[in-house]
Amino acid sequence: MFCTECGEKLTLMYANGEGLVPYCKSCGQFRFAQFATAVSMVVTNRAKDKILLARHKGHDDFILFAGYIKKGETAEKAVTREFKEETKLDVVKYKYLSSRYHEPKNVLMLGYLVMAEEGEPVIDEKEIEEIKWFALDEAQSAVKKDYKTAETFLKAALNEIKKF
């Protein structure tokens, strides 16, 4: 790890109450880890009996809708923007569920339960191969099991969906 200000190699140093934190000797500053933030969406229909999943180009598995939060954008705006970009459907309502750090991509994922407007999604052909509605019980088996973040958000959403 290197300092984002001066490029000096960072060393781990004890920060009072924080434990071991990367430290720049040149700047005399602790450098806390920086990472991207994204939203992940479990999308349901108005009847709350189906989950919408996407299969991206070059992949065999269905996944939750997700996208990065742009600089200056709120997480809530990212939910509505990303979903509209990928499906051309509007979000009727949404509810924040939980967050989870996704280490493979160094991203803090914010999980949302989203209700989509009625209608057939239009595929964003640059990214997505297929979009499909699944029954609630089918959605769990459609999401690949080693996608721990997606699996965690989906389980949380299924517990909340009837109250949504």
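Bear in mind the structure is a predicted one, so any value in this text is a computation, not a measurement.
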- Message: I'd like to know if Leu52 and Tyr112 are part of one continuous hydrophobic network [Ile/Leu/Val/Met/Phe/Trp/Tyr, side-chain heavy atoms within less than 4.5 Å].
- Response: yes
- Query: Which heavy atom in Gly119 sits nearest to a heavy atom in Leu89, and how many Å separate them?
  - Reply: O-CD1, 3.9 Å
- Item | Leu97 vs Glu160 side-chain heavy atoms within contact, under 4.5 Å | yes
- At their closest point, which heavy atom of Phe83 faces which heavy atom of Asp90, and how far apart are they? CE2-O, 4.2 Å
- Item | Shortest non-hydrogen separation from Val39 to Met41 and the atoms involved | CG2-CE, 4.2 Å
- Message: According to a hydrophobic-cluster definition based on side-chain heavy atoms being under 4.5 Å apart (Ile, Leu, Val, Met, Phe, Trp, Tyr only), do Tyr96 and Ile69 belong together?
- Response: yes
- Can you check whether Ala135's main-chain N or O pairs, donor with acceptor, with Glu138's side chain at less than 3.5 Å? yes
- Could you grab the distance from atom CD1 of Ile51 to atom OG1 of Thr44, nearest 0.5 Å is fine? 4.5 Å
- Closest non-hydrogen atom pair, Leu110 against Phe153: C-CZ, 4.2 Å
- Task: Can you measure from CG (Leu158) to CD (Gln140) and round to the nearest 0.5 angstrom?
- Result: 5.0 Å
- Query: Got more than 12 heavy atoms from elsewhere within 6.0 Å of CD, Glu118?
  - Reply: yes
- Note on the structure: Across all chains, not counting sequence neighbours, the salt bridge (charged side-chain N to carboxylate O under 4.0 Å, His left out) partners of Lys155 are Glu151
- Item | Atom pair CZ/CG of Arg100 and Leu108 - distance to nearest 0.5 Å | 11.5 Å
- Message: With rounding to the nearest 0.5 angstrom, report the OG to NZ distance, Ser26 to Lys9.
- Response: 15.0 Å
- Can you establish whether the number of heavy atoms outside Lys105 located under 6.0 Å from its atom NZ is more than 12? no
- Query: Which atom pair, heavy atoms only, marks the closest approach of Ala150 to Val143?
  - Reply: CB-CG1, 3.8 Å
- Item | side chain to side chain contact (heavy atoms under 4.5 Å, CB included) assessment of Lys77 paired with Lys70 | CA-CA 9 Å; Lys77 177 66 179 167; Lys70 293 180 178 180; over 6 Å; no
- Treating Ile, Leu, Val, Met, Phe, Trp and Tyr as nodes and any side-chain heavy-atom pair under 4.5 angstrom as an edge, say whether Phe65 and Phe164 lie in one connected cluster. no
- Going from OG1 on Thr149 to CG on Leu64, what distance comes out if it is rounded to the nearest 0.5 angstrom? 9.5 Å
- Exactly one of Glu73, Glu86, Glu76 clears side-chain hydrogen bond (donor to acceptor under 3.5 Å, both in side chains) with Arg81, and that residue is Glu73
- Message: According to side chain to side chain contact (heavy atoms under 4.5 Å, CB included), who are the partners of Ile63, at least two apart in sequence or on a separate chain?
- Response: His56, Tyr147
- Message: Does Lys25 have more than 12 heavy atoms from other residues, nucleotides or ligands lying within 6.0 Å of its NZ?
- Response: no
- First locate atom CZ of Arg31, then atom SG of Cys3, and finally report the distance between them rounded to the nearest 0.5 Å. 4.0 Å
- Under a single-linkage definition using a 4.5 Å side-chain heavy-atom cutoff for Ile, Leu, Val, Met, Phe, Trp and Tyr, are Phe62 and Leu154 assigned to the same hydrophobic cluster? yes
- Task: List the atom of Leu10, the atom of Pro22, and the distance in Å for their closest heavy-atom pair.
- Result: CD1-CB, 3.7 Å
- Do Val79 and Ile161 belong together in a cluster built from hydrophobic side chains that touch within less than 4.5 Å? no
- For Ala38, side chain to side chain contact (heavy atoms under 4.5 Å, CB included) partners two or more places apart: Tyr68, Val107, Met109
- Quick one: which residue pairs count as a ring pair (Phe, Tyr, Trp, His ring centres under 6.0 Å) with a foot in residues 31-54, not counting sequence neighbours? Phe35-Tyr101
- Query: Are the side chains of Thr80 and Tyr94 in touch, meaning some heavy atoms are under 4.5 Å apart?
  - Reply: yes
- Task: Can you tell me which residue pairs pass the ring pair (Phe, Tyr, Trp, His ring centres under 6.0 Å) test with a partner in residues 113-132, sequence neighbours excluded?
- Result: none
Enumerate, atom names and distances included, each donor-acceptor pair closer than 3.5 Å involving a side-chain atom of residues 125-134, sequence neighbours excluded.
| residue | atom | partner | partner atom | Å |
| --- | --- | --- | --- | --- |
| Glu130 | OE1 | Arg55 | NE | 3.2 |
| Glu130 | OE1 | Arg55 | NH2 | 3.1 |

- Message: Salt bridge or not between Glu117 and Arg46? Use side-chain N to carboxylate O under 4.0 Å.
- Response: no
- Item | Lys95 atom NZ, neighbour heavy-atom count above 12 within 6.0 Å | yes
